[in-house]
Asks: 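To start, I am sharing the structure in question, which I have written as structure tokens.
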Amino acid sequence: MLDHEQVVVRSGRRSRLPVIVAVHSTALGPAAGGLRLWHYPDWRDGLTDALRLSAAMTAKFAVAGLPSGGGKAVVALPEGMVLDPDRRRDVLEDVADTVESLGGTYATGPDVGTGPDDMAVIGTTTRHVFSRPARLGGSGDSSPHTARGTLAALRAVSRRLYGTASLDGRRLAVAGLGRVGTELARLLAAEGAALTVTDVDQDKRKTGHELGADWVAPDEILAAPVDIVVPAALGSCLTRQSVTRLRCDAVVGPANNQLATPDVADLLHRRGVLWVPDYVASAGGVVHAVSVEVHRLSAEEARARVDAIEHTVTDLLTTADAQDLSPAQAATALVRQRLAAADPAGRSAA
């Protein structure tokens, strides 16, 4: 927690649930990050999540070269709790009060468990919100832009490994068919990729069938014999044990916090598996939303920032090769360099 500029933990006035906002850094600009509404065994697990995710947001914006810092909001729901519409609105209004109390230091958007309609509710109390519905003047669902940015990262990796950005004929395993995973799988299918997919929700088999994809059990997807594994579900999927089962050339996907522990990045590198840090590959959604609603760029300019992820990944891989680093090490060095340049006093480190 000492790496963070500010951490707020409140019991919501209406919901009586723990509302957590972690501001990791404002060295590059006001912090931004999503609101995660999720179940945890203990509220302190939600705090741990907020701390990790906010630090990842700082890195995400720094690598993308954007004038924003990293933050995250988490509402820690007890295991098994189901929110009815009235209780959900209470939660969202409690979050809005907390965000507004920070006076613009942090703006929130959607994350796991929340969407644009939730941001509309929050937006009735505070203007420090993004990814509101398009009908209300917001940038709407960020999922298509996250998927588009991940596709850009995959093209850069394909060029690095196979000499072409084309994914036609490449075998990819998509782990998770939520909003982002499904959109990305559709883009990959349109590119001509051969897909293997999975999800904990067996009803998603229909989506896989529509895409002409092979279906495997969730615990088998990381070991699928493919060119690239694409994590698109919740984090911590890459453990020391699971990495030993990989039969792919690269792991590139939009899931946040893919590494169970930081040393797994070194293990991937030693095994010759190219891993693009998740905060780089997954940046498209928040880059687009913040560009439109916070930085006030046009839709075309925001889309160009998302597509630029391909160049960002290409540059990272080039730097990593030239300096004999892993992509993770190259990305970390870039984050530190940009934070130090923006804040010579070194108030925050990624």
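When reading the values below, keep in mind they use all heavy atoms of this one structure, side chains included, and skip hydrogens, waters and symmetry mates.
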Asks: Main chain of T98, side chain of S101: is a donor-acceptor contact present, judged purely on distance under 3.5 Å?
Replies: yes
Asks: Go through the steps for E301 and R305 under the test salt bridge (charged side-chain N to carboxylate O under 4.0 Å, His left out), then give the verdict.
Replies: CA-CA 6 Å; E301 290 170 317; R305 280 185 170 181; over 6 Å; no
Asks: Is it true that, when you exclude E79 itself, more than 12 heavy atoms of the residues, nucleotides or ligands shown sit nearer than 6.0 Å to its CD?
Replies: yes
Asks: Connecting only ILVMFWY residues whose side-chain heavy atoms lie within less than 4.5 Å of each other, what is the rest of V216's hydrophobic cluster?
Replies: I221, L222, V226, V229, L238, V243, L246, V251, L259, V264, L267, L268, V273, W275
Asks: Evaluate whether atom NE2 of H39 has more than 12 neighbouring non-hydrogen atoms of other residues, nucleotides or ligands under 6.0 angstrom away.
Replies: yes
Asks: Spell out, as yes or no, whether a donor-acceptor pair under 3.5 Å connects the side chain of S242 to the backbone of C237.
Replies: yes
Asks: Under 3.5 Å, is there a donor-acceptor pair between the side chain of D315 and the main chain of T312?
Replies: no
Asks: For the residue pair H4 and H24, does the interplanar ring angle fall in the parallel (under 30°), tilted (30 to 60°) or perpendicular (over 60°) class?
Replies: perpendicular
Asks: Considering all heavy atoms of both residues, which atom of L177 and which atom of W215 are nearest to each other, and what is their separation?
Replies: CD1-CZ3, 4.1 Å
Asks: Shortest non-hydrogen contact from K72 to A50?
Replies: CB-O, 3.8 Å
Asks: Under 4.5 Å between any side-chain heavy atoms of R179 and D141, yes or no?
Replies: yes
Asks: To check you understand the geometry: which heavy-atom pair defines the closest contact between G113 and R88, and what is its length?
Replies: O-NH2, 2.8 Å
Asks: Work out which heavy atom in D94 is nearest to a heavy atom in R16; give both atom names and the distance.
Replies: OD2-N, 4.3 Å
Asks: Between R14 and D86, does at least one N-O distance fall below 4.0 Å, as a salt bridge requires?
Replies: no
Asks: Rounded to the nearest 0.5 Å, what separates atom NZ in K204 from atom OG1 in T198?
Replies: 10.5 Å
Asks: Please report, to 0.1 Å, the donor-acceptor pairs under 3.5 Å made by any side chain of residues 161-174, with sequence neighbours excluded.
Replies:
| unit_1 | atom_1 | unit_2 | atom_2 | d |
| --- | --- | --- | --- | --- |
| Y162 | OH | D249 | OD2 | 2.6 |
| T164 | OG1 | S166 | N | 3.1 |
| S166 | OG | D168 | N | 3.2 |
| R171 | NH1 | P225 | O | 2.7 |
| R171 | NH2 | D227 | OD1 | 3.3 |

Asks: Taking atom CG of D263 as the centre, does the number of heavy atoms from other residues, nucleotides or ligands within less than 6.0 Å exceed 12?
Replies: yes
Asks: So which atom in S282 and which in P254 form the shortest heavy-atom distance, rounded to 0.1 Å?
Replies: CB-O, 3.2 Å
Asks: Could you tell me the separation between the CG atom of L28 and the OG1 atom of T58, rounded to the nearest 0.5 Å?
Replies: 7.5 Å
Asks: Tell me whether the count of non-hydrogen atoms from other residues, nucleotides or ligands lying under 6.0 Å of CZ in R127 goes above 12.
Replies: no
Asks: Could you check whether any side-chain heavy atom of F130 comes within less than 4.5 Å of a side-chain heavy atom of V286, counting everything from C-beta outward?
Replies: yes
Asks: With a 4.5 Å heavy-atom cut-off, do V99 and L35 have their side chains touching?
Replies: no
Asks: Please report the interatomic distance OG1(T26) to CD(E5), rounded to the nearest 0.5 Å.
Replies: 3.5 Å
Asks: Just so I know, are the side chains of D45 and D42 near enough to count as touching, which here means a heavy-atom distance under 4.5 Å?
Replies: yes
Asks: Do S139 and E293 pair up side chain to side chain, a donor and an acceptor below 3.5 Å, judged on atom types alone?
Replies: yes
Asks: Is any side-chain heavy atom of H269 closer than 4.5 Å to one of D266?
Replies: no
Asks: First locate atom CG of L92, then atom CG of D118, and finally report the distance between them rounded to the nearest 0.5 Å.
Replies: 4.5 Å
Asks: Rounded to the nearest 0.5 Å, what separates atom CG in N256 from atom CD in Q258?
Replies: 8.0 Å
Asks: Looking at every non-hydrogen atom in both residues, tell me the closest pair between N257 and R52 and how far apart they are.
Replies: CB-NH2, 3.4 Å
Asks: Check whether any side-chain heavy atom of S143 lies under 4.5 Å from a side-chain heavy atom of V180, and answer yes or no.
Replies: yes
Asks: Starting at NE2 of H145, measure out to CD of E183 and round the result to the nearest 0.5 Å.
Replies: 9.5 Å
